[in-house]
Asker: 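Quick one: the structure is below, questions incoming.
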Amino acid sequence: AALNSGEIDLTYGLATDTYADYRDAEEFRLSVTNAGAYNFLQFPVTVEPWDDERIRRAVNQLIPRAQVAENVYGGYRTPAYVPLPELAAEAGTAGYEALVEELRPQTEQDVEAATDLLAEAVDDLGIEPPIEATIETNSSDDRVREAELISQVLSDTEYFEISVETFDFTTLVQRIQGPEYYTEGKIVLIGLSGSFNPGSFYDAVNSIDNFGQCCNFNRVDTPELDEIATEARFSVEAVENPDFRGEQYDEVWRGLIEQSPNVYTVFGTNVSALSTDLVGHNTYPFSSSVLTYGLHAPVDEQVAYLDRGE
């Protein structure tokens with residue numbers, strides 16, 4: 001409303017269903033860039049039956065990523081078939097296209113493969129389906145629609161009965177960062193914005209050092225992958241040999257898909273809506289610097305200014 005009335009010249013973080021209003025209006029435009037971010041589901045990995053990686057891997061293959069990207073986000077997001085946005089790929093993989101090609105068969109929706117894995121797991125565990133669980137997320141329109149779509153797809157199988165509970169963002173963060181939250185058996189749907197450092201997309205959601213803060217809420221602990229990630233970041237060999245670093249990170253991404261403590265749904269897109277009076281603005285791929293970068297970033301010869309035509 002403030003942009004429409006002329007009180008401000010730029011805003012971001014809008015719901016997807018408002019983009020067309022600004023894209024099609026003569027006095028506004030959209031600035032769009034692929035973001036270094038993803039949405040993810042985090043499982044209660046210490047609570048039965050979610051402590052069995054077969055259950056988690058099966059959910060990974062049930063997620064309708066392409067449908068989420070298109071139907072929920074209007075094509076403004078892309079399916080996350082790997083745990084690494086392409087923006088961080090230069091130092092984070094030996095080859096991004098090859099990594100996607102390798103891991104996509106394990107993360108692309110395959111209901112038959114997923115239900116076969118679930119049948120095996122529930123039989124071994126002695127579980128009588130459906131498995132009941134709640135997805136908790138913040139109350140933004142897009143995030144709620146994503147959670148409801150995933151809930152529906154999982155519940156359409158005979159193996160799950162999934163509900164959705166929403167909170168305002170501040171309440172959600174306070175709740176999921178509670179020291180005993182991980183014992184409640186809840187699934188969290190939230191987003192992470194990282195950096196050009198590929199480790200930012202591993203550490204925050206997987207390292208036990210981040211338990212109780214962003215973004216390890218369910219006591220995810222992958223110590224063997226921690227060791228590999230540490231080698232990729234800090235070892236002498238990684239510093240001297242970028243190929244070694246990329247290969248180590250590839251082992252990390254493979255391990256995350258195999259263990260699936262988190263399921264990555266879509267990669268983010270940063271979209272700013274702005275008045276046509278604001279000239280030169282380009283949206284930064286990381287949300288922490290959208291405003292500062294767009295105004296003035298000498299290293300990229302980036303500068304924005306207002307031209308009222310007066």
Side-chain angles (χ1 to χ4, degrees), residues 1-42 62-81 85-87 108-109 134-156 162-173 176 187-193 215 263-278 281-291 293-294:
L3 179 62
N4 294 344
S5 66
E7 295 176 55
I8 61 176
D9 288 280
L10 180 147
T11 188
Y12 62 99
L14 298 170
T16 301
D17 59 9
T18 67
Y19 292 165
D21 296 337
Y22 296 106
R23 185 185 62 230
D24 299 335
E26 290 185 3
E27 65 270 32
F28 302 110
R29 70 179 180 90
L30 293 181
S31 176
V32 182
T33 189
N34 290 332
Y38 53 55
N39 287 0
F40 67 100
L41 292 166
Q42 187 169 100
L62 287 172
I63 301 298
R65 290 171 172 83
Q67 192 177 352
V68 171
E70 187 61 37
N71 294 354
V72 175
Y73 294 101
Y76 281 92
R77 300 206 175 192
T78 56
Y81 295 116
E86 190 170 3
L87 277 170
E108 192 165 30
Q109 189 179 32
T134 299
I135 298 174
E136 297 193 340
T137 193
N138 61 293
S139 53
S140 72
D141 291 346
D142 290 343
R143 197 67 57 78
V144 172
R145 287 196 292 266
E146 180 178 355
E148 289 176 343
L149 175 56
I150 292 170
S151 168
Q152 177 185 334
V153 169
L154 298 185
S155 298
D156 282 346
I162 307 295
S163 60
V164 175
E165 188 168 2
T166 64
F167 304 85
D168 68 80
F169 187 74
T170 300
T171 300
L172 177 70
V173 170
I176 62 183
I187 303 170
V188 182
L189 173 62
I190 200 165
L192 172 75
S193 178
C215 292
V263 163
Y264 311 90
T265 61
V266 289
F267 292 129
T269 301
N270 282 346
V271 180
S272 300
L274 53 150
S275 75
T276 52
D277 290 346
L278 182 58
H281 174 88
N282 290 293
T283 300
Y284 196 60
F286 303 106
S287 58
S288 60
S289 300
V290 166
L291 294 178
Y293 177 88

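Only heavy atoms go into these numbers, but all of them, side chains included; no hydrogens, no water, no symmetry mates. The residues of the chain are indexed from 1 along the displayed sequence. Nothing here was measured: the structure is a model prediction, and the numbers come from that model.
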Asker: What are the two closest non-hydrogen atoms of L87 and A35, and how far apart are they?
Answerer: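 Where L87 meets A35 most closely, the heavy atoms are CD1-C, 3.5 Å.
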
Asker: For S140, give me all partners under side chain to side chain contact (heavy atoms under 4.5 Å, CB included), at least two apart in sequence or on another chain.
Answerer: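 Checked S140 against side chain to side chain contact (heavy atoms under 4.5 Å, CB included); matches are N138, R143.
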
Asker: What are the two closest non-hydrogen atoms of A66 and P79, and how far apart are they?
Answerer: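 Scanning both residues completely, I find the closest heavy atoms to be CA-CG, 3.8 Å.
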
Asker: Who passes side chain to side chain contact (heavy atoms under 4.5 Å, CB included) against D142, sequence neighbours left out?
Answerer: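 Checked D142 against side chain to side chain contact (heavy atoms under 4.5 Å, CB included); matches are A15, T16, Y73, R145.
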
Asker: Under the side-chain contact (heavy atoms from CB on, under 4.5 Å) rule, what do V290 and N270 come out as? Steps first, then yes or no, please.
Answerer: CA-CA 8 Å; V290 166; N270 282 346; 4.0 Å; yes

Asker: Does C215 offer a backbone N or O that forms a donor-acceptor pair with the side chain of Q42 under 3.5 Å?
Answerer: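 A pair under 3.5 Å: yes.
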
Asker: Does any non-hydrogen side-chain atom of T78 lie less than 4.5 Å from one of E86?
Answerer: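 Side-chain contact under 4.5 Å: no.
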
Asker: Heavy atoms, side chains only, cut-off 4.5 Å: are L41 and I190 in contact?
Answerer: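 In short, these two side chains do not touch, never coming nearer than 4.5 Å.
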
Asker: About how many Å separate OH of Y293 and CG of N282, when rounded to the nearest 0.5 Å?
Answerer: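 N282 atom CG to Y293 atom OH measures 6.5 Å (nearest 0.5 Å).
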
Asker: Flag the pair Y76 / V271 as yes when at least one side-chain heavy-atom distance between them is below 4.5 Å, and no otherwise.
Answerer: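 When only atoms from C-beta onward are counted, V271 and Y76 do touch, with a gap below 4.5 Å.
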
Asker: If the condition is salt bridge (charged side-chain N to carboxylate O under 4.0 Å, His left out), which residues does E136 pass it with, not counting sequence neighbours?
Answerer: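 With sequence neighbours excluded, E136 shows a salt bridge (charged side-chain N to carboxylate O under 4.0 Å, His left out) to R175, given in chain and number order.
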
Asker: Quick one: list whatever passes ring pair (Phe, Tyr, Trp, His ring centres under 6.0 Å) with Y38, sequence neighbours left out.
Answerer: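 Ring pair (Phe, Tyr, Trp, His ring centres under 6.0 Å) list for Y38, sorted by chain: F40, F201, Y264.
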
Asker: Can you list the residues that meet the side chain to side chain contact (heavy atoms under 4.5 Å, CB included) rule with T11, with sequence neighbours excluded?
Answerer: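 Expected list: L3, I8, L14, A273.
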
Asker: Mind checking side chain to side chain contact (heavy atoms under 4.5 Å, CB included) for A147 and listing every partner two or more places apart, or none if nothing turns up?
Answerer: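 With sequence neighbours excluded, A147 shows a side chain to side chain contact (heavy atoms under 4.5 Å, CB included) to I135, T137, V164, L189, given in chain and number order.
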
Asker: Of the non-hydrogen atoms in L30 and Y19, which two are nearest, and what is the gap between them?
Answerer: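 Heavy atoms only, the tightest pair is CD1-O, 3.6 Å.
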
Asker: With T18, which residues qualify under side-chain hydrogen bond (donor to acceptor under 3.5 Å, both in side chains), at least two apart?
Answerer: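 With neighbours one apart ignored, the set is empty.
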
Asker: What pairs meet the side-chain hydrogen bond (donor to acceptor under 3.5 Å, both in side chains) rule with one or both residues in residues 25-35, with sequence neighbours excluded?
Answerer: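 Counting only pairs at least two positions apart or across chains, the side-chain hydrogen bond (donor to acceptor under 3.5 Å, both in side chains) contacts touching residues 25-35 are S31-T283.
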
Asker: So which heavy atom on Y12 is nearest to which on S272, and how close?
Answerer: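 Heavy-atom minimum between the residues: CB-OG, 3.8 Å.
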
Asker: If I take atom NE2 from residue H281 and atom OG from residue S275, how far apart are they, to the nearest 0.5 angstrom?
Answerer: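 Atom-to-atom, H281:NE2 and S275:OG are 11.0 Å apart.
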
Asker: Could you check whether any side-chain heavy atom of L10 comes within less than 4.5 Å of a side-chain heavy atom of L291, counting everything from C-beta outward?
Answerer: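 They are in side-chain contact.
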
Asker: Is any side-chain heavy atom of F267 less than 4.5 Å from a side-chain heavy atom of R77?
Answerer: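 Heavy-atom side-chain distance check fails, nothing below 4.5 Å.
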
Asker: Could you tell me which residues satisfy side-chain hydrogen bond (donor to acceptor under 3.5 Å, both in side chains) with S155, sequence neighbours excluded, listed by chain and number?
Answerer: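 S155 satisfies side-chain hydrogen bond (donor to acceptor under 3.5 Å, both in side chains) with no other residue.
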
Asker: Under the side-chain hydrogen bond (donor to acceptor under 3.5 Å, both in side chains) test, which residues partner Q67, sequence neighbours left out?
Answerer: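 Result, side-chain hydrogen bond (donor to acceptor under 3.5 Å, both in side chains) vs Q67: none returned.
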
Asker: Mind checking the CG-CD1 spacing from L154 to I63? Nearest 0.5 Å is all I need.
Answerer: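 If we round to the nearest 0.5 Å, L154:CG and I63:CD1 are 5.5 Å apart.
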
Asker: Tell me the closest heavy-atom pair linking S289 and Y284, and the distance in Å.
Answerer: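 Here S289 and Y284 meet closest at CB-CD2, 3.5 Å.
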
Asker: Which pairs, with at least one residue in residues 146-155 and sequence neighbours excluded, count as a salt bridge (Lys or Arg N to Asp or Glu O under 4.0 Å)?
Answerer: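 Every candidate salt bridge (Lys or Arg N to Asp or Glu O under 4.0 Å) pair involving residues 146-155 fails, so no pair, neighbours aside, qualifies.
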
Asker: With sequence neighbours excluded, give me every salt bridge (Lys or Arg N to Asp or Glu O under 4.0 Å) pair touching residues 3-14.
Answerer: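 Checked against salt bridge (Lys or Arg N to Asp or Glu O under 4.0 Å) - neighbours excluded - the pairs reaching residues 3-14 are D9-R308.
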
